[in-house]
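Below is one structure, written out as structure tokens; comments come after it.
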Amino acid sequence: MPIDPDKALAAPATSVELAWSPKDVQLYHLGLGAGVPATDPAELAYVYEKGLKVLPTFAVVAGGALGFSLFENPGIDIQLVNILHGGQSITVHRAIPAAGQATATARVTDIWDKGKAAVIRTESVIADADGPIWTNHSQIFVRGEGGFGGERGPSAVDSTPDREPDHVVEVKTLEQLALIYRLSGDWNPLHADPEFAAMAGFDRPILHGLCSYGITCKAVVDTVLGGDVARVTEYSTRFAGIFFPGETMRVKMWDDGAGRVDVVSTSAERDDAVVLANTVLTYKV
């Protein structure tokens with residue numbers, strides 16, 4: 001069987017050393033479409049080394065944070081073409097510096113049986129000499145690998161308030177955005193190679209889910225938190241649909257005023273087809 005849950009869950013945690021610089025932060029932010037307008041001080045803060053700030057979602061790529069590979073984990077033998085990112089969450093223990101060195105310790109924490117697919121949940125704790133900086137949790141959806149008799153796992157619950165959103169922001173993306181974003185370390189050909197995308201069932205390359213994740217986070221931080229990235233404490237989402245580079249991301253926000261923003265992101269050009277759902281950002285009041 002390609003996935004052996006007992007073996008995968010019993011495997012020891014793996015560690016990898018990370019290092020990142022302001023250039024890495026700037027490139028990541030450019031890969032989200034930051035820097036428009038180019039003379040706007042609020043946008044320059046994301047892409048210019050003078051007073052450079054770091055979005056919490058930089059955590060998913062910092063210093064090769066994507067280096068933990070399920071393909072090397074004991075008990076897991078899967079094909080790249082069969083995987084999709086199902087969900088992501090970040091817990092920020094303290095502000096992420098624009099330059100740093102740290103150790104990422106990663107392990108598989110859960111494997112759920114969804115019938116026709118399996119979901120693999122991983123945890124990565126990133127720490128330096130002063131302790132944890134952030135924790136990543138990822139859920140990887142593997143098509144065709146379910147049916148092994150395991151637990152189904154939790155079901156997503158829609159917590160979106162039943163009222164009009166407090167804020168709606170539209171972000172027009174570049175057609176080449178995925179080609180920029182992948183330079184931060186996510187080299188999956190699904191986001192660049194039309195032939196590979198066709199093998200996966202798409203008529204053209206799609207945007208990285210984690211890029212949509214970052215675009216949405218930036219929209220919330222800029223709109224609700226006045227650009228104060230240090231106020232974010234946790235940010236989670238479920239990747240509910242695809243997004244094509246060049247489309248407009250419509251980000252709808254419900255702020256309870258007490259430290260929580262519920263968010264839904266959609267494609268404006270495709271009748272508000274949902275891209276990110278069950279999205280919650282918590283912040284310091």
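Positions are given from 1, in the same order as the sequence printed here. As the structure is a prediction and not an experimental result, all values here were calculated from the model.
Distance alone, capped at 3.5 Å, places no donor-acceptor pair between the W254 side chain and the D162 backbone. At distances below 3.5 Å, at least one donor-acceptor pair connects side-chain atoms of R94 with backbone N or O atoms of P132. Side chain of H208 to main chain of Y181: no donor-acceptor pair is present (N/O by atom type, distance under 3.5 Å, no hydrogens or angles). Judged by distance alone, with hydrogens and angles left aside, the side-chain atoms of N136 form a donor-acceptor pair with the main-chain N or O of A59 at under 3.5 Å. For the pair W112 (side chain) and R121 (backbone), a donor-acceptor distance under 3.5 Å is absent. A side-chain donor-acceptor contact under 3.5 Å links D166 to the backbone of D255. Without hydrogens or angle criteria, H29 side chain to A45 main chain gives no donor-acceptor distance under 3.5 Å. Distance alone, capped at 3.5 Å, is enough to place a donor-acceptor pair between the H85 side chain and the G87 backbone. In this structure, T282 contributes its side chain and E234 its backbone to a donor-acceptor pair below 3.5 Å. Of the possible polar contacts, none joining the E123 side chain to the T135 backbone as a donor-acceptor pair under 3.5 Å is found.
Considering OG of S212 and CD1 of I206, their distance stands at 8.5 Å, rounded to 0.5 Å. Atom CG of residue D158 and atom CZ of residue R238 lie 8.5 Å apart, to the nearest 0.5 angstrom. Atom CZ in F239 sits 12.0 Å away from atom CG in N278 (nearest 0.5 Å). In this structure, CD in Q88 is found 9.0 Å from CD in Q139, a value given to the nearest 0.5 Å. Going from atom CG of D113 over to atom CD of E151 covers 10.0 Å, rounded to the nearest 0.5 Å. Interatomic distance, OG1 of T173 versus CZ of F243, reported as 4.0 Å (0.5 Å rounding).
A heavy-atom distance below 4.5 Å is found between the side chains of I120 and I3. For the pair C217/P56, a side-chain contact is recorded, criterion being any heavy-atom separation below 4.5 Å from C-beta on. Counting heavy atoms from C-beta on, the side chains of E17 and T103 come closer than 4.5 Å.
There is no path of hydrophobic side-chain contacts, each under 4.5 Å, that joins V261 to V264. Note on L84: it clusters hydrophobically with F196, by side-chain heavy-atom contacts below 4.5 Å among ILVMFWY residues.
Considering V275, V169, T266 in turn, T266 is the only one that fulfils the side-chain contact (heavy atoms from CB on, under 4.5 Å) rule with R250.
Ion pair D77/K7 not flagged as a salt bridge, since none of the NZ, NE, NH1 or NH2 atoms sits closer than 4.0 Å to an Asp/Glu carboxylate oxygen. Salt-bridge formation is detected for the pair E43/K218: a Lys NZ or Arg NE/NH1/NH2 atom is positioned less than 4.0 Å from an Asp or Glu carboxylate oxygen.
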| request: Report the C-alpha distance between T279 and T237 in whole Å, list the side-chain angles of each, state the deciding distance to 0.1 Å, and finish with yes or no for side-chain hydrogen bond (donor to acceptor under 3.5 Å, both in side chains). | output: CA-CA 4 Å; T279 306; T237 198; 2.6 Å; yes
| task | Applying side chain to side chain contact (heavy atoms under 4.5 Å, CB included), run through W20 and V61 and close with a yes or a no. | result | CA-CA 9 Å; W20 62 95; V61 301; over 6 Å; no
| So V263 and Y235, side chain to side chain contact (heavy atoms under 4.5 Å, CB included) or not? Walk me through it. | CA-CA 10 Å; V263 190; Y235 176 51; 5.6 Å; no
| message | Between I90 and V232, is the side chain to side chain contact (heavy atoms under 4.5 Å, CB included) condition met? List the steps. | response | CA-CA 10 Å; I90 300 168; V232 179; over 6 Å; no
| task | For the pair Y283 and V220, evaluate side chain to side chain contact (heavy atoms under 4.5 Å, CB included) and give the outcome as yes or no after the intermediate values. | result | CA-CA 11 Å; Y283 61 90; V220 177; over 6 Å; no
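Within 6.0 Å of atom CG in D256, more than 12 heavy atoms from other residues, nucleotides or ligands are found, so the atom counts as buried in its surroundings. Counting non-hydrogen atoms of neighbouring residues, nucleotides and ligands closer than 6.0 angstrom, the CD atom of E49 exceeds 12 such neighbours. Within 6.0 Å of CD on Q79 lie no more than 12 heavy atoms contributed by other residues, nucleotides or ligands.
Taking every heavy atom of both residues into account, A95 and I133 meet most closely at O-CG2, 4.2 Å.
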